[in-house]
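This report concerns only the one structure given below.
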Amino acid sequence: MITSEEKLRKQAYEAVEKNKETVQADPYRQGYHMMPPVGLLNDPNGWIQWRGTYHMFFQWMPFHTGHGAKYWGHYSSENLVDWKLEPIALTPGDWFDKNGCYSGSAIEHDDKLKVFYTGNVRNNQGERETYQCLAESINGNDFVKKGVKAELPEGYTAHFRDPKVWKHEGKWYMVVGAQTLERQGAVALLESEDLEIWTHKGELAGPVEGLGYMWECPDTFELDGQGVLIFSPQGVEAQGIDFNNQYQTGYVTGELDYEAGKLNHGAFTELDRGFEFYAPQSMIDKKGRRLLVGWMGVPDQNEEHHPTIKHHWIHNLTLPRELKFINGKIHQLPIEEMKQLREEKLFEEVVGADLSKTLPRTAELEMDVDGSLSQFELHLFDYLSLTYSKETGYFTMERTSLATGNTESRSCRLIEGLQQMKVFIDHSSVEIFLNDGKEVFTSRMFAEPDERMVKVVHKGKERLKLTAWQLRNDAIDQDIHVNNI
Ligand code: FRU
């Protein structure tokens, strides 16, 4: 007898097979960003380096390009650049996760790779139930579910999910994204000696007036001596250039007090300034780097208007970024491994006036300025415009809205001027790192597939050096290596 879990796995693999050619034929298919083999991808999950290999799991709906009962898809990599799709890690086939193996995290313990995730359930009355569950693997590929390890504590609605687990001085901790009974966002803290019995300690942070009705995907860690909490609040109102996306992602910093189970923190700062960024997750790798990957999408934000839907897939992950805490702010830097994606150097020029170039659809563009720029524009593929003015201090990204056809923009202020910029272009996305990762703009970019023109408008006197590389187009291997589908 085939179990419901086996049946669901089989159906997912069939969906991959059936749609392979349609997905592959999409000109917007990414060359070096992790994307689903078919269907919808959202949050990065279980991000870890285990026995040397990097593992990235992801929220996955194989059967259509909307949300629903999520699986955990799985990629692995030896070098953070070449990613190989692995067999499905988690399937929503048990009573405690039947409506989705929702987001969670990975740890190493007892020589095993263990993942904690949220079992999402709709009961017979149609009400939501939530269970924090464990699954483990001895080879990094096949996972055995160990069932429910923590039930919903008192004081919260069933919007209680996305466990991130870590160890500190011999004890295990879990933060969970939560909504209080007063419908405010918060982060719950749980504690365990053995990963089996979890005790609710209270709120690590929140609620905070004006910071929304639900906080998703919390991630707590120390970075260069600072206590950090990254989370994705829902229900924050836009204020000027801040909080312009449908839902936000950002962080607070302060002192992580394990005794009290509190993070005494300051104000909430957005992590990324682009149109599409949400639910990131971080981990420390064997080189001691804090590496972060996000979902290059935002829930409920024009998802139905993405043109890739025609090709039966939607969304991708961001590149991994290294986090540093510099002068009170989290910086995100492209990792050094990205250099391995470079093929040919296309040009290296000191720009004294306006300039037009063509670039391939997988490319890296670097700009260095002697001093800082007074006035600058970069137009990418007749789709995205980036402008900077020293007078106002604003750096602005503009594109045509996927939904309305109107122009939409996102901005940040660079008081210190625009000194340096790195741009990673993939077939349908762009990631822009300003001033050594002090500000980052992450966005999808659905330019006409054969559009190649890049224009720089530079009227100032400053020396501006532009370097461009062609990047590899074949870093994502989606052939699933399963023996017994
Ligand atoms: C964030 C999120 C998580 C949840 C998952 C479901 O995008 O809503 O809170 O676990 O996605 O796919």
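Atom set for the values below is all heavy atoms of this structure, side chains included, hydrogens, waters and symmetry mates excluded. Start at 1 and go down the list; that is how both ligands and their atoms are numbered. Note that the numbering runs from 1 along the sequence shown for the chain.
- For atom 1 (C) of ligand 1, the closest non-hydrogen atom of the protein is Asp43 OD2, 3.0 Å.
- At a 4.0 Å cut-off, at least one heavy atom of Asn42 sits close enough to ligand 1 to count as contact.
- Between His55 and Trp47, the gap from one ring centroid to the other reaches at least 6.0 Å.
- Residue Lys70 has at least one nitrogen or oxygen atom sitting less than 3.5 Å from a nitrogen or oxygen atom of ligand 1, judged on distance alone.
- Shown in contact with Arg161 at under 4.0 Å from a heavy atom are these atoms of ligand 1, numbered in order with element: 3 (C), 4 (C), 9 (O), 10 (O).
- Checking Asp300, Val298, Leu40, Asp162 against atom 9 (O) of ligand 1, the nearest heavy atom belongs to Asp162.
- If you number the atoms of ligand 1 from 1 as listed, the ones under 4.0 Å from a heavy atom of Tyr278 come out as 1 (C), 7 (O).
- Side chain to side chain, Ser282 and Asp219 meet the donor-acceptor criterion of an N or O pair below 3.5 Å.
- In this structure, CE in Met283 is found 5.5 Å from OH in Tyr54, a value given to the nearest 0.5 Å.
- Given atom 8 (O) of ligand 1, the protein heavy atom at minimum distance is Glu216 OE2, 3.0 Å.
- Every atom of ligand 1 with a heavy atom of Trp295 under 4.0 Å away is listed here by number and element: 7 (O).
- Atom 12 (O) of ligand 1 has as its closest protein heavy atom Gln59 OE1, 2.6 Å.
- Under the 3.5 Å distance criterion, with hydrogens and angles disregarded, a donor-acceptor pair is assigned to the side chains of Gln30 and Asn316.
- No close placement of the Phe160 and Tyr131 rings is indicated, their centers lying 6.0 Å or farther apart.
- Within the model, atoms OG of Ser429 and CZ of Arg444 stand 6.0 Å from one another, a figure rounded to the nearest 0.5 Å.
- At least one side-chain heavy atom of Leu292 sits under 4.5 Å from a side-chain heavy atom of Leu271.
- Between Phe446 and Tyr28, the gap from one ring centroid to the other is short of 6.0 Å.
- When only interatomic distances are considered, the shortest N/O to N/O separation between Tyr102 and ligand 1 does not fall below 3.5 Å.
- Every atom of ligand 1 is numbered from 1 in the order shown, and the set under 4.0 Å from a heavy atom of Ser103 is 5 (C), 10 (O).
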